[in-house]
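A, B, ... follow the sequence lines: proteins, then strands. Residue 1 opens every chain.
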Protein chains: 2
Amino acid sequence: MVNSAEQLDRVFRALGDSTRRSMVARLARGPATIGELGRPFAMTKPAVTKHVKMLERAGLLTREVDGRVHRCEIDPAALAQAHRWVARVREHWGRRLDDLADSLDSVQAKERP
Amino acid sequence: MVNSAEQLDRVFRALGDSTRRSMVARLARGPATIGELGRPFAMTKPAVTKHVKMLERAGLLTREVDGRVHRCEIDPAALAQAHRWVARVREHWGRRLDDLADSLDSVQAKERP
DNA sequence: GCGACAGTTCACCAGGTGGTAAACAGTGCG
DNA sequence: CGCACTGTTTACCACCTGGTGAACTGTCGC
C-alpha cells in the first residue's frame with residue numbers, strides 16, 4: 001500500500017504547522033468558511049487558501065461550495081489514520097517493555113529458585 | 001507555551017516522511033545504531049544522518065555514543081505529545097456530535113410533546 | 001448594472017527539505 | 001602504525017513551503 005504511505009505523509013505534514021493545527025482544532029468544534037478559518041491569523045487570503053488546500057489534499061477537510069462561500073468541515077478519517085499509526089507504534093513500544101519485564105522476571109526466577 | 005507549538009511542529013513534520021516513520025517503527029521494537037536504521041533504505045549515509053538528526057530534534061529519538069557507534073533509542077514522550085494532540089481534537093469533534101444529537105433530541109421533544 | 005464581498009490564481013521570493021559526492025574525525029583491530 | 005569501519009560535515013542541487021501583492025472569477029444585494 002504505497003498510496004497509504006503517501007496519504008500519511010500528507011496528513012502528518014499538514015499537521016506539522018501550527019496555523020493548520022489551529023484550523024483543524026477550530027473545525028473540530030463545527031464547520032467554518034475559509035474566511036472564518038483565516039480570520040484569527042495575520043496573513044493574506046492567498047496564504048489561507050494554500051493552508052486550506054493542503055488540509056484538503058491531506059483529507060483532513062472537506063469543502064462544500066455554497067454560493068460565494070466555501071463551507072469547510074473536518075473529515076475525521078484522516079485524523080483517525082494518523083491516530084492509528086501513532087497508537088500502533090506506541091503499542092509496539094509498550095509490548096517491548098512487557099517483554100523486557102518478562103525476561104527480567106525469568107532472570108529473577110533463575111536467580112531465586 | 002509557544003515552545004510547545006514549535007515542538008509539535010517538529011514532531012509532526014518528522015513523522016511526515018515515510019522513511020522516518022519506518023525508522024520510528026523500527027525503534028519501537030528496540031534500540032538500533034545509525035547504520036541499522038539506514039540499512040533498509042537505498043540512500044547514502046549523509047541522508048541517514050539528516051533523517052536521524054531530524055528525529056532527534058523532534059525529541060522522538062535519544063542517542064548514546066558508544067565508541068564509534070551511535071546507539072539510538074525511541075523517546076516515547078514526543079510520540080505521546082502527538083498522540084494527545086490528535087486525541088484531544090478527535091474528542092472535541094465527538095463532543096460536537098453529542099451536542100448535535102442533544103439538540104436534535106430537544107427538537108424532537110418539542111415536536112412531540 | 002454596479003459595487004462590495006469571498007475566494008482563487010499567478011508570479012515572485014526566502015528559506016527549508018531530501019538527496020548526492022567528497023572529504024573529514026574517531027574508534028577498533030591486526 | 002596502518003587500515004577498515006561508523007558516522008558527520010561541507011558544499012551543492014532540485015524541489016517544496018510559507019508568505020506576499022496584483023489581478024482575476026463568481027456571487028450577493030441595492
Side-chain angles (χ1 to χ4, degrees), chain A residues 2 5-27 30-74 78, chain B residues 2 5-27 30-74 78:
Chain A
V2 165
E6 288 175 15
Q7 190 60 20
L8 258 190
D9 282 8
R10 280 191 283 267
V11 172
F12 279 122
R13 283 164 103 115
L15 295 179
D17 180 292
S18 65
T19 299
R20 287 190 294 262
R21 278 200 307 281
S22 296
M23 289 177 171
V24 171
R26 164 66 187 80
L27 284 175
T33 68
I34 305 281
E36 286 165 356
L37 284 180
R39 198 164 337 269
F41 311 105
M43 60 176 70
T44 58
K45 290 186 284 184
V48 177
T49 294
K50 282 190 183 180
H51 282 306
V52 170
K53 200 178 292 184
M54 227 164 280
L55 290 169
E56 195 178 14
R57 286 193 2 118
L60 286 159
L61 204 81
T62 60
R63 177 194 311 231
E64 181 193 350
V65 179
D66 176 24
R68 68 181 164 181
V69 90
H70 294 209
R71 184 149 280 105
C72 301
E73 203 160 345
I74 203 171
Chain B
V2 165
E6 288 175 16
Q7 190 61 21
L8 257 190
D9 282 7
R10 281 191 284 267
V11 172
F12 279 121
R13 253 198 266 260
L15 295 179
D17 180 292
S18 66
T19 299
R20 286 191 293 263
R21 279 200 306 280
S22 296
M23 289 177 171
V24 171
R26 163 67 187 80
L27 285 175
T33 69
I34 304 282
E36 287 166 357
L37 284 181
R39 197 162 340 269
F41 311 105
M43 59 175 71
T44 58
K45 289 185 285 183
V48 177
T49 293
K50 281 190 184 180
H51 282 305
V52 170
K53 199 178 294 187
M54 228 163 281
L55 290 169
E56 196 177 14
R57 287 194 1 119
L60 286 159
L61 204 79
T62 61
R63 177 194 311 231
E64 183 192 349
V65 180
D66 176 25
R68 67 180 165 184
V69 90
H70 294 207
R71 185 149 280 105
C72 301
E73 202 159 345
I74 203 173

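Closest approach to the A:His70 side chain among C:dG7, D:dG7, C:dG18 is made by C:dG7 (side chain taken as heavy atoms from C-beta onward). The side chain of B:Lys50 lies closest to C:dT20, out of D:dG7, C:dG7, C:dT20. Distance from the side chain of B:Arg63 is smallest to D:dG7 among D:dG7, C:dT20, C:dT9. Taking every side-chain heavy atom of A:Ala47 into account, D:dT20 is the closest of C:dG7, D:dG7, D:dT20. Taking every side-chain heavy atom of B:Lys53 into account, D:dT9 is the closest of D:dG7, D:dT9, C:dT17.
Across the interface with DNA chain D, nearest-nucleotide mapping of A:Arg20 and B:Val52 shows B:Val52 to be the residue nearer the 5′ end.
Atom CG of B:Asp17 and atom C1' of C:dT17 are 9 Å apart (whole Å). Whole-Å rounding puts the B:Arg13 CZ to C:dT17 P distance at 6 Å. Residue B:Arg39 contributes atom CZ, which lies 13 Å from atom C1' of D:dG7 at whole-angstrom precision. Look at CE on B:Met43: it is 21 Å from P on D:dC13, rounded to the nearest Å. Here the C1' atom of nucleotide D:dC16 and the CD atom of A:Glu6 are 15 Å apart, to the nearest Å. Rounded to an integer number of Å, the gap from A:Arg10 CZ to D:dT17 C1' is 16 Å. Taking atom CG of residue A:Leu15 and atom C1' of nucleotide D:dT17, one finds them 16 Å apart after rounding to whole Å. Whole-Å rounding puts the A:Arg57 CZ to D:dG18 P distance at 12 Å.
Residues B:Ala58 and B:Arg10 approach most closely at CB-O, 3.5 Å, considering heavy atoms.
Side-chain atoms of B:Glu73 do not come within 3.5 Å of backbone N or O of B:Arg63 as any donor-acceptor pair. Proximity of a side-chain donor or acceptor of B:Arg21 to a complementary backbone N or O of B:Leu15 within less than 3.5 Å is detected. Judged purely by atom type and a 3.5 angstrom limit, A:Glu64 has no side-chain atom pairing as donor or acceptor with the backbone of A:Cys72.
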How does protein reach along nucleotides 22-30 of chain C, written 5' to 3' as B (base within reach of a heavy atom under 4.0 Å), S (only sugar-phosphate), or - (no contact)? B---BBS--
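Of the side-chain N and O atoms in A:Thr49, none sit less than 4.0 angstrom from OP1 or OP2 of C:dG7. For the OP1/OP2 pair of D:dT20 and a distance below 4.0 Å, the side-chain nitrogens and oxygens of A:Thr44 include at least one atom meeting the criterion.
Atom CD1 of B:Ile74 is separated from atom CG of B:Leu60 by 7.0 Å, given to the nearest 0.5 angstrom.
Looking at heavy atoms from C-beta onward, A:Leu8 lies out of side-chain contact with B:Ser18 at the 4.5 angstrom threshold.
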Listed pairs under 3.5 Å, donor-acceptor, residues 37-55 of chain B side chains, sequence neighbours left out:
unit_1, atom_1, unit_2, atom_2, d
B:Thr49, OG1, B:Lys45, O, 3.3
B:His51, ND1, B:Arg20, NH1, 3.1

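Contact annotation for A:Arg71: no contact, since no heavy-atom pair falls under 4.0 Å across all strands. In this structure, A:Thr19 reaches neither bases nor backbone, as no heavy-atom distance under 4.0 Å exists between it and the strands shown.
For A:Glu36, there are no salt bridge (charged side-chain N to carboxylate O under 4.0 Å, His left out) partners, not counting sequence neighbours.
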